[in-house]
Amino acid sequence: MGQSRSVVLAVVVLMVGVVCGRETGTAYPDVPRIDVHTHAGGDLKAVANYLNLREHLKATHGADLAMWINLGGGSSPITDPVDVLEASEGRMLSCISDYSSHDGLAFAPAELGQWGAKGFVGYKIWAGPPARKLKPGQKGFPYIDDPAHEPTFVAAERLGILLASIHIADPCGPWGKRTKWLPDPVEYWRNITAWRNVMERHPNLNVVCAHSMWAICQDAQIDYLRNMLATFPKMNVDLAATFQYFDLVTYENLRSFMIEYADRILFGTDIGRWDGPERGKRYAEQYWRAFRILETDEVVPGGFFSQNKIRGLALPRDVLEKIYYRNAARIYPRVQEQLVTLGYVAP
Ligand SMILES: [Zn+2]
């Protein structure tokens, strides 16, 4: 009798878990989430797709994807951040972007201050490994600490312009694993060191490093990232495209890093542009996987990208709030006022 009662109880608990549990719905429906690393560009139809994705995510999993930072890119250069803001119903803020830093930075340092007045909230620079941008023998500016870039960093530091999701390096190691974009560790550290040189010269730069500076695929890289964040208090990192690699590092190291530096880590995905509602629904599921990795202790069938099983970090609520929106509201211009306009309580 006692045994059958406990079996019934177990079945009921299981059913409640499936219906109300975290696998189907977030435990934090009241926490807004801001994706600081997206590439909608200036295509207003693409921007509208983000709203459909948002609705689907809320309806299926209860998660409130409140805002996006648009880093441009793709075939559609940003034309007007005001249009993008309007098309997104107040949910998407845009950055000026420069994906060819190896050919020289595109925006005149003397004019950097004007972009903020036009509605842009940051300056995105792609400064990844020169091997991906420069052909052998081609001249250019291989590393981000090239003296040619100095006037830009001088101006950005003086004016307090946010370097939004600046891309440094590419995933490197553990060797033989999936992180094969940049297999050469020497080249990897040249990129990282070049960026450190910039921060040494300009410690007051407001920065969010994309993809956690790509220093999150090995335990020793995470330790180095700790060192960078401790040394440069105005440097922050986003999590875009990193979830898929969380199984490459020690669970406790990654989790303690997230908690220790919760004030400096921002949610991001690297989502791009797409056509049609079906792709939007699939993207909503990718967001949901990323949220589950941060919020639950479940084994999640993939990160935002990729299908590798990742064990959830079960981060505390206050850490999640910082990563999801409080840090973005503090670091990016206009985010706090936009959240309030949208009806959220001021962070
Ligand atoms: Zn990106």
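We count ligands from 1, going down the list as the structure has it; atoms in each ligand are counted the same way. In what follows, every heavy atom counts, from backbone to side chain, and hydrogens, waters and symmetry copies are set aside.
Around the Zn ion (ligand 1), protein N, O or S atoms at a distance under 2.8 Å total 3; waters are neither shown nor counted.
Judged purely by distance below 3.5 Å, without hydrogens or angles, the side chains of Y224 and Q218 never pair a donor atom with an acceptor atom.
Taking the six-membered ring for Trp and the full ring otherwise, the centers of F107 and W115 sit less than 6.0 Å from each other. If you look at Y28 and F291, their ring centroids are not closer than 6.0 Å.
Between A329 and Q336 the shortest heavy-atom distance is O-CB, 4.0 Å.
Within the structure, the side-chain hydrogen bond (donor to acceptor under 3.5 Å, both in side chains) test picks out the following pairs touching residues 147-161 (sequence neighbours left out): E150-R201, E150-H202, E157-H202.
Between the CG atom of N327 and the CD1 atom of I34 there is a distance of 9.5 Å, given to the nearest 0.5 Å.
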